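What follows is a set of notes on a single structure, which appears directly below.
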There are 2 protein chains.
Amino acid sequence: MVAPLDEPLFFELTRPQPLLIVLSGPSGVGKDTVLQALKKRNLPLHFVVTATDRPPRPGEVDGVDYIFVSREEFERMIAADEMLEYAVVYGDYKGVPKAQIRQALASGKDVILRVDVQGAARLRALCPEAVLIFLAPANVQEWYQRLINRHSETPETLQRRIEAVRRELTYLDMFDYVVINRQDHLEQAVDQIVAIIQVEHLRVHPRRITL
Amino acid sequence: MVAPLDEPLFFELTRPQPLLIVLSGPSGVGKDTVLQALKKRNLPLHFVVTATDRPPRPGEVDGVDYIFVSREEFERMIAADEMLEYAVVYGDYKGVPKAQIRQALASGKDVILRVDVQGAARLRALCPEAVLIFLAPANVQEWYQRLINRHSETPETLQRRIEAVRRELTYLDMFDYVVINRQDHLEQAVDQIVAIIQVEHLRVHPRRITL
């Protein structure tokens, strides 16, 4: 006599454990370019829009390029612990509102955000279960060439960037994955990020994000 | 003055850390079918050939289907600790020779092997850095139908298999990943295993296999 089989012997695999994915890496490595290419894949992925107190530039759309708020509102949000992470960049506040991430996670969507390496280190402490991806150039010549191609660097800022990147590499240890952004192989880097997201959802012990 | 750039500021990413991948799961879930389909992807992946002391069946090729050895030789290998894992299946020895795995890993190839769930549990203890994948059916009806379709089961063996699978599921906790082998979606399961292998190679802290 065979036992009845209506019991859930196997878990039906619908595990709604959305991920918080943090893309970081040295300045000039191509984080924005990678995120733009990732957007085109149309995954169920929420791309965090950074909040700032600087005024919109011509053509910038509120809620798309940035969330534009007043300095007073930004400082209120900091005081009320409504920012997951923020920094002052060239005198302007930039930050990641917690509410936006919570909302996306609650809807079951994975969330991805980009921060600099120091910001990623702070996020690791705030949210140990985040998936931290370090975007790196294939080699230093490639990275250096990319910075020079921006035409916005002086010898002094280049020197500072090289020193910054040396410091940033000391943080590598706290990341989960390294993805190499090879010149002319952008889609390969995007493929790897997509694979990381896919595979993280196959974990027997899924990461549980609490903010 | 910009610092010289011939130093290895970024690690050039050629990390030859081959993986030991263990595919397991309840009997009847389709482990062999998945491995056959994975072979066709032509990845740089060594598929472990099991050693056995049973005589070859017509058509079976030594070194391809099994490594055929005498009972004396098999027992000598056990005594000499040359088997990573072995079991007696229907009165015949079956085992995984360590030398084969060491050789493949030394050549830089990832190694994949299939074992039953108890064997995977033993491998986890022997080699904590192995990547353990649990292959599961989408639901119990699908799994049950697959067993029945084999036409080799009696009501009694079916009952025993159901009890076995209940025990096996208690081991799930020690696995790294769950891959669902959905009926008529074999290639999706294979894609997921390929993605797991790819992503494991992107880890900042690669697994180091020692046997």
Side-chain angles (χ1 to χ4, degrees), chain A residues 1-13 15 25-26 29 132-134 136-145 148 153-156 158-159 161-163 165-166 168-169 172-180 182 191-206, chain B residues 1-13 15 26 29 132-134 136-145 148 153-159 161-163 165-166 168-169 172-180 182 191-206:
Chain A
M1 188 45 219
V2 174
L5 279 166
D6 51 343
E7 52 185 315
L9 239 186
F10 297 104
F11 49 112
E12 321 280 313
L13 211 79
R15 289 182 297 171
V29 75
L132 264 59
I133 303 174
F134 191 95
N139 54 58
V140 71
Q141 277 75 21
E142 224 180 90
W143 168 76
Y144 192 60
Q145 197 54 51
I148 287 173
E153 306 288 343
T154 64
E156 290 71 31
L158 274 174
Q159 179 62 46
R161 284 200 187 281
I162 288 170
E163 278 153 24
V165 99
R166 267 200 203 97
E168 285 167 346
L169 280 175
L172 183 61
D173 226 39
M174 68 176 56
F175 281 78
D176 296 299
Y177 300 107
V178 180
V179 168
I180 305 296
R182 283 193 177 74
D191 286 344
Q192 292 186 341
I193 293 169
V194 171
I196 288 169
I197 297 170
Q198 179 192 6
V199 165
E200 282 284 338
H201 281 293
L202 301 176
R203 284 164 60 114
V204 168
H205 303 282
Chain B
M1 189 46 219
V2 173
L5 280 166
D6 51 344
E7 52 186 315
L9 240 187
F10 298 104
F11 49 112
E12 321 281 314
L13 211 79
R15 290 183 296 171
V29 74
L132 264 59
I133 303 174
F134 191 96
N139 54 58
V140 71
Q141 277 75 22
E142 224 180 271
W143 168 75
Y144 191 62
Q145 198 54 51
I148 288 173
E153 307 287 343
T154 65
E156 290 70 32
T157 61
L158 274 174
Q159 179 63 44
R161 284 201 186 281
I162 288 169
E163 278 154 23
V165 100
R166 267 200 205 98
E168 285 168 345
L169 279 176
L172 184 61
D173 226 40
M174 69 176 56
F175 281 79
D176 297 297
Y177 301 106
V178 179
V179 168
I180 305 296
R182 283 191 177 74
D191 286 344
Q192 292 186 341
I193 293 170
V194 171
I196 288 169
I197 297 170
Q198 179 192 6
V199 165
E200 282 282 340
H201 282 293
L202 302 176
R203 285 164 59 115
V204 169
H205 303 282

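Because the structure is a prediction, the values reported are computed rather than measured. Per chain, numbering begins at 1; letters A, B, ... match sequence-line order.
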*Could you check which of I196(A), I133(A), D173(A) has the highest count of heavy-atom pairs closer than 4.5 Å to chain B?*
D173(A)

_With side chain to side chain contact (heavy atoms under 4.5 Å, CB included) as the test, pick out the partner of Y177(B) among R203(A), H201(A), H205(A)._
R203(A)

*Which atoms form the tightest heavy-atom contact between V204(A) and V178(B), and what is the distance?*
CG2-CG2, 3.4 Å

_Per-residue contact mode, Q198(B) against chain A (heavy atom under 4.5 angstrom)_ = side chain

